[in-house]
Amino acid sequence: AAVRQGIVDTVQKAVSDPQVKSVVICGQNGIFCGGADIKEFGKDISGPPLVPVFHAIESADKPVVAAIEGSALGGGLELALFCHYRITHSKARLGLPEVTLGLLPAAGGTQRLPRLIGVPAALDLITTGRHVTAAEALKLGFVDQVIDQNTVEAAVKFALSVVGQSLESRRISTLPCPCPDADALFEGVMQKVRQRARGAIAPVTCVQAIQAAVTLPYAQGMQREQELMATLFTSAQARALQYCFFSQRVVSRWSMPSGARWDTSKPKPVTKVAVIGLGTMGRGITVALAQAGLSVVAVETEQQQMIAGQRAVSDMLERAAQRRGVSSAVYRVRYSMKLEAVADVQLVIEAVFEDMVLKEQLFKQLSSICKADTLLCSNTSALDIDHLASQTRSPQLVVGMHFFAPAHVMKLLEVVHGPRSAPQAVATAMELGKRIGKVSVAVGNCRGFVGNRMLMPYSQEALFLVEEGASPEVVDRALEEFGFPMGFFRMSDLSGLDVGWRVRKADGLVKPGQMSRVRQGRRYCPLGDLLCEQGRFELPRGYRARQGLVSRRIDSKEVLERCLYSLINEGFRILEDGIAAGPEDIDMIYVFGYGWPRHRGGPMFYASQVGLDRVLQALEHYQQLHPDVPHLQPSRLLRKLVSSGSPPIHRWKEVIKKPHSAL
Ligand SMILES: CCCCCCCCCCCCCC(=O)CC(=O)SCCNC(=O)CCNC(=O)[C@H](O)C(C)(C)COP(=O)(O)OP(=O)(O)OC[C@H]1O[C@@H](n2cnc3c(N)ncnc32)[C@H](O)[C@@H]1OP(=O)(O)O
Ligand SMILES: NC(=O)C1=CN([C@@H]2O[C@H](COP(=O)(O)OP(=O)(O)OC[C@H]3O[C@@H](n4cnc5c(N)ncnc54)[C@H](O)[C@@H]3O)[C@@H](O)[C@H]2O)C=CC1
């Protein structure tokens, strides 16, 4: 609000003062403007309206120049687009990221950018919200000069040099907005955007606003932009996306149950890393590390895997080098079939088969080969990090670094601390995650950690629904309409049905050829095991007949409630157990690692939006119908939150911390 008031006061003074011949607008401390203060959005946005003042800038009869350093994003770039000229430092980043916050650029962005750079380029920038470099902005034509020197000084010099020149062609509102074949273009774009949006409304609304720039005169287009913004501004999706913006930053401020925190734990410097196992995960991890400039030693014991792994890593790095316009020689990866090659690294990431005996053995060996202060990390999906730590001479230096496939693409990293992990080990793994571009979330040690632990009830419910009559397609359709890129069954098919089968076998749940629907004292669905055993795919109907199960019609509401609420319920248990520090951690794990639609904010945020009492009631209802399914039993924390009046999500921690009643 203070910045907005400042702009209004100063612009009016500068424009009306006859002594002032030209004007330069710049930011402070090397940053032009990051746009509106997102924290203000949930509140009453008081103060003077900006757009009339922005128009006063454009219609001024003296040149106004934007000196852009650092960032010009959102409202910041829109302000610059009202200036007559834009001079930009080469390191600046520019963009209209409002769509990522569930909004559209409502200070003229949707009407002015297409007039300046053409409709197709504006559609791309506004519907993706991507930030561009100064060089790309110059190429696209929305900045006038890119310089390496002091931007403000250069802008002042330039502003003085153009005093008295005509400004007519510099006023974007007066430019036409040509768009040949507009109908076909917008139809095609709308189809693509809808597909990509997976139910998000902002990208689609952005297209409608840009369409108004083509079909309406400027003033009416501006009005249409305001009307469309009004539909987004208070939407649940905008709240969810803005929650994600802040949560992504909250999770970097990690803490451990011991009280250790991000700001009191110093990471160790890491330049040389080893990856053990060049299978699916090891390959991606190696690429992610090498791309961030680390020196990597990759160890693999199987000759064939070594050949295939080496080829895959080289191909991926070659493509990355081409994209960056550098030689692939910049990436430093050394391959070895001997574990001794890791002797001088500062950190090891183990990615061998998910087999505790093999991993135990490996950690013992690593502990004797590596230096005493080397961090030993495991990429295990679910195994006990504390047990692995106990195999080494320095258990405090063992943590989990749980990547997601494909590891060089997926943004999530779970950093798993066992009860003995040193804060410095966690800090080092978190810092390394940040360096390789991951959203790193520190979590406690338990079976499946956060993400995979919550996935268990979700996947079981998906199978139970098929037992009861839903087809796999019905389950997947409901989940995909909710916004997941893939439903449970398509996802399992893609990652390989045998992956889960191996885990269930290791847990002693698989009994070949047996149909019993109770295992280890609870309801169990052996359908997935039968598929793997028999290599068959049209199984459910015959299976139901043999089990004497009467098929019933299941709608998408039930699919969503049973799959999602049971996953959310496990999330509450995770919070109660102290495995995740807060709901933001769980939500970011699901948004960045499991395809949870960002515009729904993550599972815990979604629960808060649905209403905790509704989630509780639904779980109680399904629990009554399925008393043999323990994961439908509402968690204590969910009950406690509801009986505390369902506080907003940012106040859940107060309830979690409250000691349990002695009763
Ligand atoms: C002069 C123009 C002002 C316009 C006023 C209009 C007001 C009226 C609204 C009407 C609607 C008009 C439509 C409109 O214009 C909407 C917008 O402008 S929406 C905002 C668009 N901007 C963004 O999305 C930028 C978001 N920020 C970033 O991308 C990055 O933070 C950035 C590249 C700027 C810097 O990255 P980095 O150096 O990595 O730092 P961090 O990301 O860690 O951020 C540091 C710190 O700052 C907080 N922060 C950053 N940007 C904002 C922001 N726009 N609002 C509030 N807070 C912001 C960030 O959260 C970090 O703080 P934490 O405490 O760690 O969370
Ligand atoms: N595949 C996935 O989607 C994910 C897997 N994980 C975990 O990552 C780990 C690896 O999984 P994948 O890459 O899928 O397995 P994979 O089977 O593709 O690769 C494992 C590799 O390790 C090698 N290996 C076995 N013993 C070795 C030893 N002693 N020294 C060096 N190399 C050895 C094997 O030859 C093989 O190439 C597992 O713990 C798994 O649970 C974690 C996240 C996702």
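Side-chain atoms are counted along with the backbone in the values below, which use heavy atoms only and exclude waters and symmetry mates. We count ligands from 1, going down the list as the structure has it; atoms in each ligand are counted the same way. All of these numbers come straight from a predicted model, not from anything done at the bench.
Closer than 4.0 Å to atom 37 (P) of ligand 1 lies none of the heavy atoms of the protein. For atom 1 (C) of ligand 1, a protein heavy-atom neighbour is present inside the 4.0 Å cut-off. The protein reaches atom 27 (N) of ligand 1 closely, with a heavy atom under 4.0 angstrom from it. Contact annotation for atom 11 (C) of ligand 1: protein present (non-hydrogen atoms, distance under 4.0 Å). Per-atom contact check: atom 41 (P) of ligand 1 touches the protein, criterion being a heavy-atom distance below 4.0 Å. Atom 20 (C) of ligand 1 is approached by the protein to below 4.0 angstrom, counting heavy atoms only. Under the 4.0 angstrom criterion, atom 14 (C) of ligand 1 counts as having a protein heavy-atom contact. Shown here, atom 46 (C) of ligand 1 is out of close reach of the protein: none of its heavy atoms lies under 4.0 Å off.
Summary of contacts: the protein heavy atom closest to atom 18 (O) of ligand 2 is Thr280 N, 3.0 Å. Protein heavy atom in closest approach to atom 61 (C) of ligand 1: Arg249 CD, 4.1 Å. Remark: minimum distance from atom 55 (N) of ligand 1 to any protein heavy atom is reached at Ile38 N, 2.8 Å. From the protein, the heavy atom lying nearest to atom 56 (C) of ligand 1 is Asp37 OD1, 3.1 Å. Atom 64 (O) of ligand 1 has as its closest protein heavy atom Arg253 NH1, 3.8 Å. Protein heavy atom nearest atom 35 (C) of ligand 1, with residue, atom name and distance: Ser71 OG, 5.0 Å.
Against a heavy-atom cut-off of under 4.0 Å, Gln305 is close to the following atoms of ligand 2: 35 (O), 36 (C), 37 (O). Near Thr380, meaning under 4.0 Å from any of its heavy atoms, are these atoms of ligand 2: 39 (O). For ligand 2 and Lys359, the ligand atoms under 4.0 Å from any heavy atom of the residue are 38 (C), 39 (O). The atoms of ligand 2 that sit less than 4.0 Å from any heavy atom of Ala405 are 3 (O). Atoms of ligand 2 found under 4.0 Å from any heavy atom of His402, numbered from 1 in the order shown, are 42 (C), 43 (C).
By heavy-atom distance, the residue among Thr301, Asp355, Leu383 lying nearest atom 30 (N) of ligand 2 is Thr301. Around atom 10 (C) of ligand 2, the closest heavy atom drawn from Asn379, Val299, Val352 belongs to Val352. The closest heavy-atom contact to atom 20 (C) of ligand 2, among the options Gly277, Ala351, Gly284, comes from Ala351. Which of Ser252, Gly35, Ala1, Ala36 comes nearest to atom 54 (N) of ligand 1 through a heavy atom is settled by distance: it is Ala36.
Tyr243 meets the side-chain hydrogen bond (donor to acceptor under 3.5 Å, both in side chains) test with Asp587; sequence neighbours excluded.
With a 4.0 Å heavy-atom cut-off, ligand 2 is reached by the side chain of Leu358 but not by its N, CA, C or O.
In terms of N/O distances under 3.5 Å, ligand 2 is approached by Met281. Considering backbone and side-chain atoms together, Glu354 places an N or O closer than 3.5 Å to an N or O of ligand 2.
Proximity of Ser378 to Phe363: side-chain heavy atoms (C-beta onward) are separated by under 4.5 Å at one or more points.
Note on ligand 1: Leu73 sits in its first shell, one or more heavy atoms being nearer than 4.0 Å.
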